[in-house]
Amino acid sequence: MEGHYSAPDFEPETLMTRLSATSLAAISPDIALPAYDRAAITPGIVHLGIGAFHRAHMAVYVDDLLKDQPDWAIVGASLRRPDTKEALEPQDGLYTVAVRDAAGTHPRVIGSILKVLDANSEREDLLALMASPQIRIVSLTVTEKGYCHDPATGELDQRHPDIVHDLANPTAPKSAPGMLVEALARRHAAGITPFAVMSCDNLPSNGATVKRIVSKLASLRDAALGEWVADKVAFPGTMVDRIVPSTTDADREIVAALTGVEDAWPIMTEPFTQWVIEDDFPDGRPAFEKAGAQLVEDVEPFERMKLRMLNGSHSTMAYLGYLAGHEYVSDAMGDPAFVALIRGLMTEEVMPTLDMPGTDLGAYRDQLLERFANPALKHRIWQIAMDGSQKLPQRLLGTIRDRLAAGQGIERLSLGVAAWMRYVMGIDEKGENIDVRDPLAIRMMAIAAGAGSDPEALFEGLVGLAEVFGDDLADNEVFGADVVEHLDSLFDVGAAETVREVVG
């Protein structure tokens with residue numbers, strides 16, 4: 001699963017009807033439509049960061065439940081750009097989810113999102129809604145960087161520009177944590193039960209991590225508020241999983257042909273979906289289990305399994321695959337050496353770090369390999385490669401630390417780190433520029449420019465980013481030796497040959 005998405009720039013050349021509440025009757029009769037009266041549903045959830053992943057995942061689960069629980073609809077909020085609002089507002093919040101596999105593309109119209117608010121131009125409307133008693137859950141998919149934290153420690157980054165702004169302007173926040181704190185402060189002042197805060201992002205221990213971040217920000221604003229947030233607000237942890245590529249204009253044309261209406265921003269995804277949720281919702285929740293979610297007491301083992309096996313494999317494949325000239329994940333998985341590398345990464349280095357009684361990790365691994373190889377799912381490697389400085393700590397470095405502490409090898413894991421270091425130099429193996437999208441991109445490319453093609457200098461420069469690597473890995477001789485050796489190979493023979501050499 002990846003939370004990034006591309007802005008819609010599709011302008012229909014035909015006079016085909018646009019998807020909306022009034023055009024549902026024009027949709028092809030074999031297309032599934034909302035099974036409830038949308039005029040009768042009311043919001044119970046506000047979702048911050050309403051990108052492609054949320055619309056392919058949580059919004060679909062909620063859509064399945066609204067017929068029997070009509071007071072749990074969603075109001076979404078775009079925190080950075082109004083793209084989603086602009087696409088969905090003319091469509092009355094309706095959009096198409098198209099499930100794609102080898103058998104074809106299977107669309108369905110989703111109606112669980114009542115509207116989308118732009119947090120920049122409609123901030124007060126958003127905060128007022130979050131502060132109202134009818135909202136009992138605020139969920140988030142704002143990506144790792146949206147929490148304004150230090151990925152290496154999981155603590156609030158008090159120097160983050162948005163946090164500095166929010167502390168100076170608490171009633172007009174910019175950040176997701178700032179939005180949560182201001183809305184909770186209003187509820188606290190009014191004596192209203194707090195909503196549950198449910199992160200659906202790839203953070204380690206996401207419930208506990210977000211609680212720590214939000215409680216700290218609240219305490220910096222007001223000690224009593226911070227204590228109330230820490231004591232009274234529920235932060236259920238989650239593990240979410242569904243692969244959601246960026247939507248292309250070709251995808252829009254396919255969906256239009258299948259449905260008979262134009263959709264400015266349909267969502268393409270895979271058949272597989274998974275949601276594991278810690279059952280901690282003091283003010284109530286939808287019956288998520290009736291839509292296929294798994295409610296558990298402790299979500300962390302599932303979260304760790306997914307972060308290390310799926311996301312760790314994805315990141316390793318993304319950096320090596322990009323350098324090797326692959327555009328899509330399925331392209332990389334068409335190379336037997338890449339398949340062997342990723343299978344070995346999961347089997348030999350990741351799975352031994354996981355304690356999952358009753359879970360068949362080998363079956364999960366095989367399922368992941370099959371999903372990665374899905375040729376119908378055009379999942380761009382460049383999309384996965386974004387924001388690596390925010391992703392590496394939980395996807396690869398945690399596993400590396402566990403194995404180093406146990407005296408175990410990290411050959412494949414360290415190759416993923418080396419490939420990231422080579423990628424963030426911003427120049428590919430053909431000498432062409434790489435569009436590195438990362439909050440630390442400028443700093444990293446400056447380090448790389450100073451290091452040139454010297455593996456040791458590049459490693460020493462980048463491992464000094466304490467917000468990524470902490471203070472321990474820079475001094476670990478085994479880690480340093482492995483990464484530098486892989487970097488030397490990446491410079492010498494390139495990514496494709498390095499992968500072949502590692503797998504033998």
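Please read these numbers as outputs of a predicted model, since none were measured by experiment. Computed over heavy atoms, backbone and side chain alike; hydrogens, waters and symmetry mates excluded.
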* Starting from the C-alpha separation in whole Å, work towards a yes-or-no answer on side-chain contact (heavy atoms from CB on, under 4.5 Å) for I213 and C148. => CA-CA 8 Å; I213 292 166; C148 305; over 6 Å; no
If you measure from the Lys or Arg side-chain nitrogens to the Asp or Glu carboxylate oxygens, is any gap between [X] and [Y] under 4.0 Å?
X	Y	value
D166	R123	no
D125	K115	no
D118	K85	no
R186	E124	yes
K290	D68	no

Using the ring pair (Phe, Tyr, Trp, His ring centres under 6.0 Å) rule, collect all pairs that involve [range], keeping only residues at least two apart or in two chains.
range	answer
residues 143-169	none
residues 24-49	H47-H54
residues 292-312	none
residues 186-245	H188-W228

Expected list for residues 319-334: side-chain donor-acceptor pairs under 3.5 angstrom, two or more places apart:
| from | atom 1 | to | atom 2 | distance (Å) |
| --- | --- | --- | --- | --- |
| Y319 | OH | A385 | O | 3.0 |
| D331 | OD2 | Y328 | N | 3.2 |

Within a strict 4.5 Å, meaning less than it, do heavy atoms of the [X] and [Y] side chains meet?
X	Y	result
H106	D101	yes
F281	P236	yes
P245	L377	yes
L94	P34	yes
L397	V468	yes
R187	I135	yes

* Would you check if there is a donor-acceptor pair between the side chains of N202 and Q394 at a distance under 3.5 Å? => no
* Residue pair T209 / N206, side-chain donor-acceptor N/O under 3.5 Å -> no
* Mind checking what makes side chain to side chain contact (heavy atoms under 4.5 Å, CB included) contact with I110, not counting sequence neighbours? -> V60, D63, Y95, V97, R108, S112
* Do F288 and V62 pass the side-chain contact (heavy atoms from CB on, under 4.5 Å) test, and can you show the C-alpha distance, the side-chain angles, and the key distance before you say yes or no? -> CA-CA 7 Å; F288 290 128; V62 173; 4.2 Å; yes
* Heavy-atom neighbours of E370 CD exceed 12 at 6.0 Å -> no
* Within 6.0 angstrom of E227 CD, more than 12 heavy atoms from elsewhere -> no
* To do: Report the C-alpha separation of L368 and I342 in whole Å, then their side-chain angles, then the decisive distance to 0.1 Å, and conclude whether the side-chain contact (heavy atoms from CB on, under 4.5 Å) test is met.
  => CA-CA 10 Å; L368 289 177; I342 299 304; over 6 Å; no
* Has the side chain of R371 got a donor or acceptor atom that lies under 3.5 Å from a matching backbone atom of E270? -> no
* Asked: What is the distance from atom CG of L167 to atom CZ of R221, rounded to the nearest 0.5 Å?
  -> 9.0 Å
* To do: Determine whether the aromatic ring centres of H314 and F372 lie less than 6.0 Å apart.
  => yes
